[in-house]
Amino acid sequence: MADPIATLRRTLANLDGVGGDVQRLLVQAEDALTAVEDREQRRAARTPYGQVRT
Amino acid sequence: MRSTVAAARARLDELTPALNPEMFKRCQQQIAQAETAARGRAATYLKGWYDDVHAPGTAAVEAVCAVRDDLRALVDVLAAGTVTAADGAAQLEALQRRHRGISGQRQRLAGAVDHMTAIANDPVAFIDSQYERFPALPQPDFDF
């Protein structure tokens, strides 16, 4: 077996590297979800004739 | 006399002025043997830790890669508007839950690496600490 601690450190570094990507994607997903929610709310606020309900 | 290696070293320091070179050398050899044995036991212990955390760590990397890929796909469908907000929110929540589970694995792996590094840096001190922690463990036997 190669240096077991070095192997585990590499595994940890991989986890952290991909974990950083996940954190960025979570933010992107939340932003994209907010945009979808806003779109749906705007759509729901429109009358069948395209006017915005007040 | 049975004791930790550290205690044997301390005794030898005290005895040194009263020992002839031959006796001193014999005591040093006994300490060296005990240190070699301790390093061997520490290596066994390290292998056990490695075996315990390596496979879960590798699985965690695969799991976090899957979460990343699924998140990318979710961002794409949200941006394309091909998923409702309710569905998107549910998918995002599920991915966040999966990610939290992996974060726990990461903490366990990081803790194991720290612990193993401390053992590897001073295996003899680690085995000595095990004798103090578990008094039933037979300590090395010294003639002094």
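Letters A, B, ... are given to chains in the order of the sequence lines, protein chains preceding strands, and every chain is numbered from 1.
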List, one per line, each side-chain donor-acceptor pair under 3.5 Å for residues 56-67 of chain B, sequence neighbours excluded.
residue : atom : partner : partner atom : Å
B/Thr58 : OG1  : B/His54 : O            : 3.0

What residue in B/Val53, B/Ile102, B/Val113 has the most heavy-atom pairs under 4.5 Å with chain A?
-> B/Val113
Max heavy-atom pair count under 4.5 Å with chain A, selected residue of B/Ala110, B/Ala86, B/Ser103, B/Ala79 = B/Ala110
From the options A/Asp31, A/Val36, A/Thr34, select the one residue that forms a side chain to side chain contact (heavy atoms under 4.5 Å, CB included) with B/Leu78.
-> A/Val36
Tell me, do A/Thr7 and B/Tyr50 make a side-chain contact under 4.5 Å, heavy atoms counted?
-> yes
A/Arg9 vs B/Thr117 side-chain heavy atoms within contact, under 4.5 Å | yes
If every non-hydrogen atom of A/Glu37 is compared with every non-hydrogen atom of B/Ala85, which pair is closest and at what distance?
-> CG-CB, 3.4 Å
Smallest heavy-atom separation, B/Leu71 atom then A/Ala29 atom, equals CD2-CB, 4.0 Å
Which value, rounded to the nearest 0.5 Å, describes the distance between A/Leu12 atom CG and B/Gln107 atom CD?
-> 9.0 Å
Look up atom CD1 in A/Ile5 and atom CG in B/Asn121, then write down how far apart they are to the nearest 0.5 Å.
-> 7.5 Å
Using non-hydrogen atoms and a 4.5 Å limit, figure out which bit of A/Ala35 sits close to chain B: side chain, backbone, both or neither.
-> neither
Could you look at A/Gln28 and say if it's the side chain, the backbone, both or neither that has a heavy atom under 4.5 Å from chain B?
-> both
Hydrophobic cluster membership, [X] vs [Y], 4.5 Å side-chain cutoff:
X	Y	answer
B/Tyr131	B/Leu12	no
B/Leu15	B/Met1	no
B/Leu46	B/Phe134	yes
B/Ile31	B/Met23	yes
B/Leu137	B/Val124	no

Would the number of heavy atoms belonging to other residues, nucleotides or ligands and lying under 6.0 Å from CD of B/Gln29 be above 12?
-> yes
Heavy-atom distances under 4.5 Å only: say whether B/Thr84 touches chain A with side chain, backbone, both or neither.
-> both
With only heavy atoms counted, which part of B/Leu95 is less than 4.5 Å from chain A, the side chain, the backbone, both or neither?
-> neither
Solution key, residues 15-23 of chain A side-chain donor-acceptor pairs under 3.5 Å, sequence neighbours excluded:
residue : atom : partner  : partner atom : Å
A/Asp16 : OD1  : B/Arg106 : NE           : 2.6
A/Asp16 : OD1  : B/Arg106 : NH2          : 3.3
A/Asp16 : OD2  : B/Arg106 : NH2          : 2.9
A/Asp21 : OD1  : A/Arg24  : NH2          : 2.5

